[in-house]
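Only heavy atoms go into these numbers, but all of them, side chains included; no hydrogens, no water, no symmetry mates.
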Amino acid sequence: MQETNDLVKSRLNALEEIKKLGVNPYPHRFDLTANSEEILSAFKDPADEAESEAAKEKIVSVAGRIMAIRKMGKASFCTIKDDKGKLQIYIRQNDVGENLYKLFKLLDIGDIIGVKGFVFRTKMGEISVHAVTIELLTKSIQPLPVVKEETTESGEKIVHDAFADVELRYRQRYIDLIVNESVKETFIRRTNIIRSIRNTLEKYGFFEVETPTLQSIYGGATARPFVTHHNALDIPLYLRISNELYLKRLIVGGFNRVYEFVKDFRNEGIDRTHNPEFTQVEWYQAYGDYFDSMNMFEEVVENACLAVNGSTRINYIDTEIDFKRPWKRIKMVDAIKEKNGIDVLNMTKDEILEFMKKKEIDFDPAISGNKGVLIAALFEETCEESLVQPTFVLDHPIDTTPLCKPLREYSMEQLETMRKDPEQVIFVERFEPYINKWELGNSYTELNDPVLQRKLLEDQVERGRGGEEETHPLDEDFLRAIEVGMPPTTGVGLGVDRLVMLLTNSQSIRDVLFFPLMRPL
RNA sequence: GGGCCGGUAGCUCAGUGGUAGAGCAUCUCCCUUUUAAGGAGAGGGUCGGAGGUUCGAGACCUCCCCGGCUCACCA
């Protein structure tokens with residue numbers, strides 16, 4: 001719907017006036033010879049008058065969006081913004097003629113123009129382009145927020161009337177990108193982080209693949225899916241909650257090292273660190289174990305940090321974080337011991353339960369019958385908050401995941417007896433990297449015993465998630481792939497959005513997504 | 001989902017029950033090296049929505065919508 005406020009009306013009027021001048025306000029192309037950055041860095045002050053005259057012969061051609069106009073009768077300045085930055089344009093009626101100057105006076109902040117002219121320095125010292133001719137490239141009829149920048153005598157920049165309404169900034173990101181300087185920088189860093197991750201993985205021979213987003217059976221994580229429907233096949237389809245089970249099929253198929261940047265979709269709450277669609281990178285390495293993954297994970301993240309910050313140390317809000325390898329590694333039970341002074345390995349289920357009650361630790365009463373789940377809950381409630389510097393937490397109870405291999409120290413007989421005893425907890429070769437109290441990823445020595453795999457997945461289906469949650473479907477095709485035989489393998493998932501948040505000092509996941517999900521108006 | 005905070009002109013904001021305001025932007029006029037350009041004048045609003053209280057509501061009450069923070073939930 002066209003807004004018909006005065007500002008739009010006046011721009012529509014200007015549009016008509018421009019057409020009356022015989023000017024097409026939406027021409028098809030424009031030849032550029034330089035961008036603002038190149039012009040500003042290439043300029044050298046002429047040494048004398050002869051050089052100054054010669055400089056006027058060097059015509060540059062630039063284009064950008066008008067961000068500010070300062071009219072002074074028959075001469076004007078305007079500031080344009082292009083892909084690389086801002087540049088001041090000087091335009092004089094004497095130089096461009098009466099008609100073009102008339103056109104210029106009809107232009108507004110937000111219009112996109114092309115300028116041909118020579119580079120010079122103004123009396124006030126600003127490198128600018130002195131227009132010989134200008135061309136309107138796109139007339140804007142929607143007013144932009146006018147943000148003014150003041151440079152104080154000490155060189156400090158003060159921004160006046162910044163476009164600050166967070167809701168509008170997310171809903172109209174194109175405007176946010178135009179008027180808020182730091183926004184674009186964050187997204188450039190995001191892309192550079194992703195590029196760095198890709199480079200590190202490629203360096204170690206990982207092969208980039210693509211797997212389905214639309215899946216007839218979802219799996220690889222525990223989350224509620226988005227459900228859709230395929231008309232021609234008349235079947236329900238799900239947006240993936242994970243790509244894990246597909247990457248494992250590729251390992252079975254003979255790719256030894258694969259990775260995928262993947263959008264996952266989880267039908268759950270939205271908050272500062274959760275968006276319904278989010279990006280992970282997952283990589284799988286045949287013949288490796290979770291120690292190999294820890295090493296890769298450290299290197300991938302350290303490299304990404306170096307790539308965008310030039311240092312392994314960053315400041316996130318008011319916390320200094322150092323990504324330098326190697327990171328601290330601690331077993332989950334040892335983390336609990338350090339924090340609480342208890343050894344859950346020597347405690348019965350009831351003793352742990354009692355301890356948690358005494359410490360007034362909140363937990364779902366439905367888990368009270370399972371020692372492994374209790375240990376995981378105790379860890380989350382008491383230890384996560386102190387995991388600020390990069391730390392790998394190792395060896396989770398088997399009850400937390402059906403896709404991970406038990407510790408290598410157990411004998412086969414031992415596993416059989418432990419499984420039958422509810423007071424025995426089997427631990428698996430899993431790690432979670434914690435940074436700034438956030439889980440930044442997840443990794444296993446992958447389970448490849450098809451009999452155990454089937455049992456664990458069937459148990460999970462049976463348990464469901466209790467209550468009204470959708471039951472987790474059993475993926476028979478995945479089980480068949482594991483039955484065909486997956487070599488010893490380790491796999492990793494890394495939460496890209498959270499890593500980008502840390503490395504760009506962004507407080508909300510919405511600040512690192514161009515178009516975060518917003519409730520439609 | 002709970003609690004707290006917010007939504008007033010295009011943007012940023014003020015306005016504690018009595019005629020809706022400011023700066024920037026916009027429009028008109030002046031101004032040929034300005035830079036938060038400057039000078040003179042003008043226009044611009046269903047105060048997020050719907051009810052209610054009151055002689056009178058932007059403000060007080062109820063419900064709703066949209067956000068932010070936070071807690072909870074969520075492998």
Side-chain angles (χ1 to χ4, degrees), chain A residues 3-11 13-14 67-79 86-96 101 108-110 120-128 130 140-152 157-172 175-176 179-180 220-224 241-242 244 266-274 362-364 367 372-373 376-377 379-380 396-404 428 430 432 439 442 444 460 463 465-467 469 472 493 507-508 510 516 518-521:
Chain A
E3 278 191 57
T4 50
N5 64 52
D6 285 355
L7 298 168
V8 172
K9 274 183 199 158
S10 122
R11 281 159 180 254
N13 283 341
M67 300 304 290
I69 304 177
R70 295 177 287 280
K71 291 177 187 167
M72 301 163 301
K74 295 182 177 60
S76 301
F77 287 92
C78 68
T79 303
K86 288 182 176 174
L87 182 65
Q88 183 170 258
I89 306 294
Y90 179 54
I91 178 165
R92 235 169 31 162
Q93 182 169 298
N94 284 6
D95 302 313
V96 300
Y101 199 75
D108 293 296
I109 288 170
F120 76 114
R121 192 186 286 276
T122 67
K123 275 183 190 167
M124 299 300 288
E126 181 162 353
I127 298 165
S128 309
H130 189 130
S140 164
I141 59 170
Q142 191 67 238
L144 288 177
V146 177
V147 180
K148 298 214 172 191
E149 265 181 27
E150 179 185 9
T151 309
T152 62
K157 271 192 177 173
I158 301 172
V159 177
H160 296 272
D161 299 335
F163 180 51
D165 185 308
V166 285
E167 184 176 353
L168 279 180
R169 287 183 48 216
Y170 296 144
R171 288 187 190 277
Q172 302 177 15
I175 293 177
D176 191 31
V179 302
N180 286 331
T222 311
R224 295 167 72 182
I241 58 173
S242 162
E244 169 157 358
R266 297 186 183 174
N267 206 339
E268 287 168 359
I270 298 175
D271 64 27
R272 211 172 69 252
T273 55
H274 295 85
D362 274 339
F363 63 95
D364 183 353
I367 67 170
V373 179
F379 166 77
E380 282 174 22
H396 298 51
I398 196 169
D399 316 87
T400 61
T401 171
L403 296 164
C404 187
V428 292
R430 173 184 185 179
E432 288 181 307
E439 297 171 36
N442 188 20
Y444 309 139
Q460 187 189 47
R463 279 202 311 274
R465 291 178 71 200
E469 302 281 347
H472 218 69
Q507 308 204 17
S508 166
R510 288 177 157 177
M518 302 292 284
R519 187 182 286 275
L521 293 178

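B/C11 atom P lies 7 Å from atom CZ of A/Phe163, rounded to whole Å. The separation between A/Met72 atom CE and B/A37 atom P is 12 Å, rounded to whole Å.
No engagement by A/Phe379 is indicated, since no non-hydrogen atom pair under 4.0 Å with the nucleic acid exists. Looking at heavy-atom distances under 4.0 Å, A/Ala162 makes contact with sugar-phosphate atoms alone, never a base. In this structure, A/Arg171 reaches the sugar-phosphate backbone alone: every heavy-atom distance under 4.0 Å involves primed, P, OP1 or OP2 atoms, never a base. A/Leu168 comes within contact range of the sugar-phosphate backbone alone, with a heavy-atom separation under 4.0 Å but no base atom that close. Using a 4.0 Å heavy-atom criterion, one finds that A/Arg11 contacts no nucleic acid atom at all. Residue A/Gln93 is classed as having no contact, given no heavy-atom separation below 4.0 Å to the nucleic acid. Residue A/Glu126 is classed as a base contact, given a heavy-atom separation below 4.0 Å to a base. Base contact: A/Gly220 has a heavy atom under 4.0 Å from a base atom.
Mapped onto RNA chain B by nearest heavy atom, A/His130 and A/Ala164 fall at different nucleotides, with A/Ala164 at the one closer to the 5' end. Annotation: of the two residues near RNA chain B, A/Ala75 and A/Ser10, the 5′-most nearest-nucleotide partner is A/Ser10.
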